[in-house]
Number of protein chains: 2
Amino acid sequence: MQEPTLLLLTALADAPRHGYALIQEIAAISDGRVKMRTGTLYGALDRLLGQGLIEVAAEEVVDGRARRTYALTDAGRGALATEAERLRAVATEAERRLSVAVVSPRVRGAFA
Amino acid sequence: MQEPTLLLLTALADAPRHGYALIQEIAAISDGRVKMRTGTLYGALDRLLGQGLIEVAAEEVVDGRARRTYALTDAGRGALATEAERLRAVATEAERRLSVAVVSPRVRGAFA
DNA sequence: CGGGATGTGCCGGTCGGCGATATATGTAGT
DNA sequence: ACTACATATATCGCCGACCGGCACATCCCG
């Protein structure tokens with residue numbers, strides 16, 4: 001699972017949302033750094049529907065505009081929890097290794 | 001940056017290693033779950049060299065076999081640290097949202 | 001002498017992300 | 001009335017990363 005997909009699931013984790021709201025939510029989560037395009041969004045949505053990680057929670061017409069609301073399934077919640085835990089583990093390991101890195105001779109000299 | 005790439009940088013974070021050793025190190029990090037293929041490895045290595053995140057630390061011949069050892073550059077260490085922090089943030093947000101999720105009516109009934 | 005571990009490298013397929021584009025309606029400004 | 005922007009959904013083709021498979025070479029063990 002790649003990051004845009006993970007962000008999508010994260011944006012659905014606390015409450016069901018429709019496509020356009022997801023784009024905004026992801027921008028908010030990432031402090032404006034990630035601007036998901038509709039190409040990425042609807043492709044990922046289709047894929048996640050096929051994988052059973054999300055489902056269509058509602059289809060309604062608001063102000064003349066169709067709106068389809070998606071929600072995480074139990075499987076989606078599980079997948080997100082697993083993925084989050086795995087990523088945290090990798091991040092922790094990366095940081096641990098950086099901190100115990102073999103100090104280069106040049107830098108080691110600073111402690112001599 | 002994708003996960004195989006992140007794993008590669010992580011495997012190089014504590015000490016320089018050569019290609020084959022990286023495959024084994026990544027398997028160890030992931031508890032045997034990730035078996036990186038050579039196609040992925042050398043492709044990523046080339047890319048990371050081009051990006052200046054890693055460098056060739058040594059080229060030697062051991063037991064008649066050529067061995068090329070790679071090491072993280074300062075830029076690579078920085079990129080890995082940044083990436084690890086970002087991933088941790090996403091993982092934390094995902095877990096937070098899962099925990100504060102709107103409880104569905106069906107489940108909410110269990111608390112009534 | 002065959003098989004497995006060590007070691008590097010290429011090639012083609014596949015899949016996900018991305019930019020571009022299209023369509024349609026509501027709202028606000030001029 | 002016209003324009004522009006936000007809301008909202010959807011498709012298409014390109015590209016880059018990943019991956020499986022293959023090739024090549026040496027060393028060690030049975």
Participant: Toward the 5' end of DNA chain C, which comes first, A/G64 or A/Q51, by nearest nucleotide?
Facilitator: A/Q51
Participant: Do A/R88 and B/E95 have side chains that get closer than 4.5 Å, going by heavy atoms?
Facilitator: yes
Participant: Expressed in angstrom and rounded to an integer, what is the separation of B/Y42 atom OH from D/dA17 atom C1'?
Facilitator: 18 Å
Participant: Taking DNA chain D as the partner, which of residues 76-90 of chain A come within under 4.0 angstrom of it by heavy atom?
Facilitator: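 Nucleic-acid contacts, sorted: none.
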Participant: What donor-acceptor contacts under 3.5 angstrom involve side-chain atoms of residues 7-22 of chain A, with partners at least two apart or in another chain?
Facilitator:
{"residue": "A/T10", "atom": "OG1", "partner": "A/L6", "partner atom": "O", "Å": "2.9"}
{"residue": "A/D14", "atom": "OD1", "partner": "A/R17", "partner atom": "NH1", "Å": "2.9"}
{"residue": "A/D14", "atom": "OD1", "partner": "B/R97", "partner atom": "NH1", "Å": "3.2"}
{"residue": "A/R17", "atom": "NH1", "partner": "A/A11", "partner atom": "O", "Å": "2.6"}

Participant: Testing the basics here: between A/R77 and A/L72, what is the closest heavy-atom pair and its distance to 0.1 Å?
Facilitator: NH2-O, 3.6 Å
Participant: Write down the distance between CG (A/L6) and P (C/dG16), rounded to a whole number of angstrom.
Facilitator: 15 Å
Participant: Using a 4.0 Å cut-off on heavy atoms, which residues in residues 8-25 of chain A reach DNA chain D? List them by number, or say none.
Facilitator: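 The answer is A/H18, A/G19, A/Y20, A/Q24.
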Participant: Once each nucleotide of nucleotides 17-24 of chain C is scored for protein heavy atoms under 4.0 Å, what B/S/- sequence comes out, 5' to 3'?
Facilitator: SBBB----
Participant: How long is the span from the CD1 atom in A/I29 to the CD atom in B/E93, to the nearest 0.5 Å?
Facilitator: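 One finds 5.5 Å between CD1 of A/I29 and CD of B/E93.
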Participant: Measure from CZ on B/R68 to P on C/dT8 and round the result to the nearest Å.
Facilitator: 8 Å
Participant: Donor-acceptor pairs under 3.5 Å, side chain of residues 39-65 of chain B to any protein atom, not counting sequence neighbours: which ones?
Facilitator:
{"residue": "B/R47", "atom": "NH1", "partner": "B/T5", "partner atom": "OG1", "Å": "3.4"}
{"residue": "B/E59", "atom": "OE1", "partner": "B/R68", "partner atom": "NE", "Å": "3.3"}
{"residue": "B/E59", "atom": "OE1", "partner": "B/R68", "partner atom": "NH2", "Å": "3.4"}

Participant: If you fit an axis to the five pairs at each end of the helix from C/dC1-D/dG30 to C/dT30-D/dA1, how big is the angle between those two axes, to 10 degrees?
Facilitator: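 The value is 10°.
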Participant: So which nucleotide from D/dC27, C/dG7, C/dT8 ends up closest to the side chain of B/D63?
Facilitator: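 Among D/dC27, C/dG7, C/dT8, the one nearest the side chain of B/D63 is D/dC27.
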Participant: In whole angstroms, how far is the C1' atom of C/dG7 from the CG atom of B/L41?
Facilitator: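 My rounded result for the distance is 11 Å.
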Participant: In the single-linkage hydrophobic clustering (I, L, V, M, F, W, Y; side-chain heavy atoms under 4.5 Å), do B/M1 and A/L87 co-cluster?
Facilitator: yes
Participant: With side chains defined as the heavy atoms from C-beta onward, is the minimum distance between A/T38 and A/I23 less than 4.5 Å?
Facilitator: yes
Participant: Provide, to the nearest angstrom, the distance between the CG atom belonging to B/L48 and the P atom belonging to D/dG16.
Facilitator: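 Between P of D/dG16 and CG of B/L48: 16 Å.
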Participant: Atom CG of A/L45 and atom P of D/dA10: how far apart are they, to the nearest Å?
Facilitator: 9 Å
Participant: To the nearest 0.5 Å, tell me how far A/S30 OG sits from A/K35 NZ.
Facilitator: 7.5 Å
